Chemist: 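The structure's right below; bear with me while I get my questions together.
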Amino acid sequence: MRRSLVRLSGASAALLALSATLGAQTSPGTWRAPGTLAMALLSTPAPAPGREARLAPSVARAAAGWTQDALGSVVLRRGSGSPRRVVACALDQPTFVVSEITDDGYLRLHDPADPRRHPLWAQFHEGQRIVVATARGDVPGVVGVRSTHLWRRRPAQDAPATVDELWVDVGAQSRAEVERLGVAALDPVRRESESWAYGADGIMTAPGMVARAGCAAVAEAAARGAPRSGETIYVLAAQSAFGYTGLNAVLAHLGGADSLVVVDAALARPTTSGDPAPAEAVTVRAAELRLALPHSARSPAVVAVGVRSLFPGTLVEGVSAPDFDALVRRVSALAGAAAGEPVRVELTSAATAAHDAIVAARGSARAADTLSTVTRLLTTLADAYGVSGHEYSPFDWTRAAMPEWARSRATRDTAGNLVLALGPDRDTTVFVAHLDEIGYDVKAIAHDGTVSLTPRGGFFASLWEGQPALMHFDRDPDAMQRLGKCGLGDRGTLGGVFVPRQTATKKQPDAQTAWFGTDSAGLVACGVHRGMAVTGVKSAQRLAGTRFTARSIDDRVGCTALLLALRAIDPAKLTHKVIFVWSVREETGLDGAAALAAELGPSVHRVHAVDTFVSSDAPLESHRFAYAPLGGGAVVRALDNSSATPPAEVERVLAIARRNDIPIQVGTTNGGNDGSELARWGAVDVPLSWPARYSHSPVETIDLRDVDALAKLIAALANE
């Protein structure tokens, strides 16, 4: 086993044993869900210190008898008499908070330090989806990141990102818009992520999962009835980030206790040198805790309990279901509660749980508006997984979204492109958008199940590190059956994590690996092999106003615009040939377009590559270059790294746009386009675009009005 994974996951013997156990499993079994409150604590993000009171209604709905005190601690008393035991956990977790709202609608953050966090904690949030927990509810947003394209041949930041580099974009365009969303200073900001499980033995994963599991264990022990003797007070302690302030307050009101059990992995961790996580599933040790008790109060003997974890302090911190069961049994014993049946957790794959939880967290759907059609179609295409060379799903969804008359005429060429030819055979114009997206392919599989990855396309690897991972089985007819037997997936995917480094002095990892909760034998049994695609979980999201974010904006917006344009075209009225193409393997070398160009040869008069205009419209970029503001309309991408459009052709497009009242911009940016391959055969390349922020990241962001303008422009050009 590679040492880097050992250090991250705990002692080598423990991880080897865990890997062997996971590899031997053939099914997740009949895992029973624990008590309602315990499950809620496992699956719900912990509140920020000082915001625990917001949890009270949820606790009241989940379990009877619990009360919340003035500081926000949640308490339940069982039994009476002596001995008096207190069993506690940390309910809260430090999180980012809004520290500034800028005039142009961005949020800046402050990060209360937490020594238990991974050193790359801030960087794990860069280029990721977040939510702002306001008094009126969660507001979705993204943490911006520099666009990959705009930093070609420019010195990129080499040091790991800190909170100083984090800019939050909620889709607002001014301070007033942010305030209308209900966002205010000190509102907590957290990664948009619910708990989910991967691996045959159920590694429950989420930011702060060790603390969540601790409180879930306390709640489950409390649900097992009164202690066999004496009294047990269960405490989900508020403001634990500040020296267990809430627990101190509870003890002071109680007048002390005979014993205190604190479920806290940091307190239970041995202070000797070596691996940071215990080899055993659960560690119990005497601990010291600064308690501010009245002189008359009994000072309890303190015992700390900790559970073994994977990737501690990261966004993919994990606890296996068997280890959680061991934790519940140990906490129950220390609480004097009945042993009860083994705790079992109902599992789903990462694809199901993470995606469905994110969708559910969006809340009620917004009222329909003039951009609803664009939103629905773009969401469908953007949510389809299709790494370059694996475009099966976006191909199918695109074809299904065509008007019936177009679907019956569309064909798949020998390269895998989706092609639709219309009109009489003269003065041919081609519109081409690409189906593929960036991601990884499996390069090698190590004995412990660590998967080495090869990037497909250009992007910052740091945006994937320490995030959920998905292995894709494409159209393998046996994949579903194999995955069902392995208990590792239910939608043709296998869930796991992109392995984070333990420490880092530079921003980008030297290599990217993933782990799927089993060893190489388990992966092979499930049909994993070299060349398979690996990506992260994604889900498109509409932000404030007309803004929209998704990972595959490049180039699912182009694909969407072509489909929308088809609805405004009558093929019988066309006076020249128009060919719509949804190409493959653009991100890895314009391969699909090259094959198309070789087939069409010099017959094409004009080509419009429909692809992203990577815009510097973000505070992370210099406006010196590639500036096209979001919401300003479609863009003629007149100059990039692969082609230059003749001025007369630019003027032609502008004139057609003006005649049709279509908002339009002109600009230059980095990147290549599919049209350049047809230009080699004599076609005039006139790329059409929309402005986008944060290129080749999980949070590419656009304005839906620009997509609407682009679709209208394509239809006008086709009908011209």
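Just so you know, residue 1 is the first one in the sequence shown, and it goes up from there. Every value quoted in this text rests on a predicted model; they were computed, and no experiment measured them.
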Chemist: Does any part of the side chain of V614, heavy atoms only, come nearer than 4.5 Å to the side chain of N670, both counted from C-beta?
Modeler: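 No, too far: nothing below the 4.5 Å cut-off.
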Chemist: Indicate yes or no: at least one non-hydrogen side-chain atom of R51 is less than 4.5 angstrom from one of L186.
Modeler: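 Yes. Closest side-chain heavy atoms under 4.5 Å.
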Chemist: Thinking salt bridges, do D369 and R542 make one under a 4.0 Å N-O criterion?
Modeler: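 Looking at D369 and R542, the cut-off is met.
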Chemist: Can you tell me how far CZ of R212 sits from CG of L42, rounded to the nearest 0.5 angstrom?
Modeler: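 These two atoms lie 8.5 Å from each other.
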Chemist: Looking at E621 and S615, would you say the former's side chain and the latter's main chain have a donor-acceptor pair under 3.5 Å?
Modeler: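 Absent.
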Chemist: Any side-chain to backbone donor/acceptor pair from Q123 onto K507? Under 3.5 Å, distance only.
Modeler: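 Checked: pair present.
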Chemist: Suppose we screen for side-chain hydrogen bond (donor to acceptor under 3.5 Å, both in side chains). Which residues come up paired with E586, at least two apart in sequence or across chains?
Modeler: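 By the side-chain hydrogen bond (donor to acceptor under 3.5 Å, both in side chains) rule, E586 matches H434.
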Chemist: Let me confirm one number: the CD1-OH distance from I203 to Y198, rounded to the nearest 0.5 Å.
Modeler: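 If I round to the nearest 0.5 Å, the distance is 4.0 Å.
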Chemist: Are any non-hydrogen side-chain atoms of W464 and L453 less than 4.5 angstrom apart?
Modeler: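 No. Closest side-chain heavy atoms not under 4.5 Å.
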Chemist: Have Q508 and S462 got a donor and an acceptor in their side chains that come within less than 3.5 Å?
Modeler: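 Looking only at side-chain atoms, S462 and Q508 do form a donor-acceptor pair, the distance falling under 3.5 Å.
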Chemist: Would you indicate whether the side-chain heavy atoms of V707 and L371 approach each other to under 4.5 Å?
Modeler: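 Contact flag for L371/V707 side chains = no.
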Chemist: Working to the nearest 0.5 angstrom, can you tell me the gap between Y694 OH and L150 CG?
Modeler: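 One gets 12.5 Å once the value is rounded to the nearest 0.5 Å.
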Chemist: State whether the side chain of D706 and the backbone N or O of W690 hold a donor-acceptor pair below 3.5 Å, judged by distance alone.
Modeler: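 No.
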Chemist: List the steps, then state whether side-chain contact (heavy atoms from CB on, under 4.5 Å) holds for V557 with T612.
Modeler: CA-CA 8 Å; V557 165; T612 311; over 6 Å; no
Chemist: Please examine the side chains of R108 and W167, heavy atoms only from C-beta on, and report whether any two atoms are closer than 4.5 Å.
Modeler: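 Yes; the side chains approach each other to less than 4.5 Å.
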Chemist: Give, for atom CD of E177 and atom CD1 of I101, the distance between the pair rounded to the nearest 0.5 Å.
Modeler: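 So the CD of E177 and the CD1 of I101 are separated by 12.0 Å.
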Chemist: Is D138 paired with R190 through a side-chain N to carboxylate O contact shorter than 4.0 Å?
Modeler: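 Result for this pair is yes, salt bridge flagged.
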Chemist: Between the side chains of R191 and Q467, does any donor sit under 3.5 Å from an acceptor?
Modeler: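 Yes, a side-chain donor-acceptor pair sits under 3.5 Å.
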Chemist: Determine whether V235 and V74 satisfy the following criterion, side-chain contact (heavy atoms from CB on, under 4.5 Å), listing intermediate values before the conclusion.
Modeler: CA-CA 6 Å; V235 183; V74 184; over 6 Å; no
Chemist: Could you grab the distance from atom CG of D103 to atom CD of E100, nearest 0.5 Å is fine?
Modeler: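 That separation rounds to 8.5 Å.
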Chemist: Ring centres under 6.0 Å, that's the criterion: do F96 and H110 meet it?
Modeler: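 Between F96 and H110, the centre distance exceeds or equals 6.0 Å.
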Chemist: Taking side-chain hydrogen bond (donor to acceptor under 3.5 Å, both in side chains) as the test, write out the residues that go with E700, two or more places apart.
Modeler: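 side-chain hydrogen bond (donor to acceptor under 3.5 Å, both in side chains) check on E700 returns nothing, list empty.
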Chemist: Any Lys/Arg nitrogen of R693 or D169 sitting under 4.0 Å from an Asp/Glu carboxylate oxygen of the other?
Modeler: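 A salt bridge links R693 with D169.
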Chemist: I'd like to know if R556 and E437 make a salt bridge, using a cut-off of under 4.0 Å between side-chain N and carboxylate O.
Modeler: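 Salt bridge: yes.
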Chemist: For R637 and D640, run salt bridge (Lys or Arg N to Asp or Glu O under 4.0 Å): C-alpha distance rounded to whole Å, both residues' side-chain angles, the deciding distance at 0.1 Å, then the answer.
Modeler: CA-CA 7 Å; R637 187 167 136 177; D640 62 20; 2.9 Å; yes
Chemist: Please report the interatomic distance CG(L109) to CG(D187), rounded to the nearest 0.5 Å.
Modeler: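 That separation rounds to 11.0 Å.
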Chemist: Are I130 and V168 packed together at the side-chain level, in the sense that at least one heavy-atom pair is separated by less than 4.5 angstrom?
Modeler: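 Contact flag for I130/V168 side chains = yes.
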Chemist: Determine whether L463 and P698 make a side-chain contact, defined as any pair of heavy atoms from C-beta on separated by less than 4.5 Å.
Modeler: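 Side-chain contact under 4.5 Å: yes.
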Chemist: Hey, which of T549, L181, L704, D703 is the one that makes side chain to side chain contact (heavy atoms under 4.5 Å, CB included) with L543?
Modeler: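 Going through T549, L181, L704, D703 one by one, the side chain to side chain contact (heavy atoms under 4.5 Å, CB included) with L543 is satisfied by T549 alone.
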Chemist: Can you tell me if E317 uses its side chain to pair, donor with acceptor, with the backbone of M209 under 3.5 Å?
Modeler: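 Side chain of E317 to backbone of M209, a donor-acceptor pair under 3.5 Å: yes, one is there.
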Chemist: Identify which one of F311, Y440, W515 satisfies the ring pair (Phe, Tyr, Trp, His ring centres under 6.0 Å) criterion when paired with F498.
Modeler: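 It is Y440; the other options fail the test.
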Chemist: side-chain contact (heavy atoms from CB on, under 4.5 Å), that's the test. Do L564 and V374 meet it? Break it down for me.
Modeler: CA-CA 8 Å; L564 292 171; V374 178; 3.9 Å; yes
Chemist: For the side chain of R146 and the backbone of H149, is there at least one donor-acceptor N/O pair under 3.5 Å apart?
Modeler: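 It does not hold such a pair.
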Chemist: How far apart are the C-alpha atoms of V131 and V139, what are their side-chain angles, what is the distance that settles it, and do they pass the side-chain contact (heavy atoms from CB on, under 4.5 Å) test?
Modeler: CA-CA 5 Å; V131 293; V139 172; over 6 Å; no
Chemist: Between S689 and D611 (side chain of the first, backbone of the second, donor and acceptor by atom type, cut-off under 3.5 Å), is there such a pair?
Modeler: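 Side chain of S689 to backbone of D611, a donor-acceptor pair under 3.5 Å: yes, one is there.
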Chemist: Under 3.5 Å, is there a donor-acceptor pair between the side chain of T380 and the main chain of L378?
Modeler: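 A pair under 3.5 Å: no.
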Chemist: Please tell me if the side chains of V262 and Y244 come closer than 4.5 Å, counting only heavy atoms from C-beta onward.
Modeler: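 Of all side-chain heavy-atom pairs linking Y244 with V262, at least one is under 4.5 Å.
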Chemist: Is a side-chain N or O of S73 found less than 3.5 angstrom from the main chain of A238, in a donor-acceptor match?
Modeler: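 Flag set: sc S73 to bb A238 pair under 3.5 Å.
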Chemist: Looking at S695 and T148, would you say the former's side chain and the latter's main chain have a donor-acceptor pair under 3.5 Å?
Modeler: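 Here the side-chain-to-backbone pair exists.
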Chemist: Give a yes or no on whether the backbone of G208 and the side-chain of Q93 come within a donor-acceptor separation of less than 3.5 Å.
Modeler: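 Answer holds: yes.
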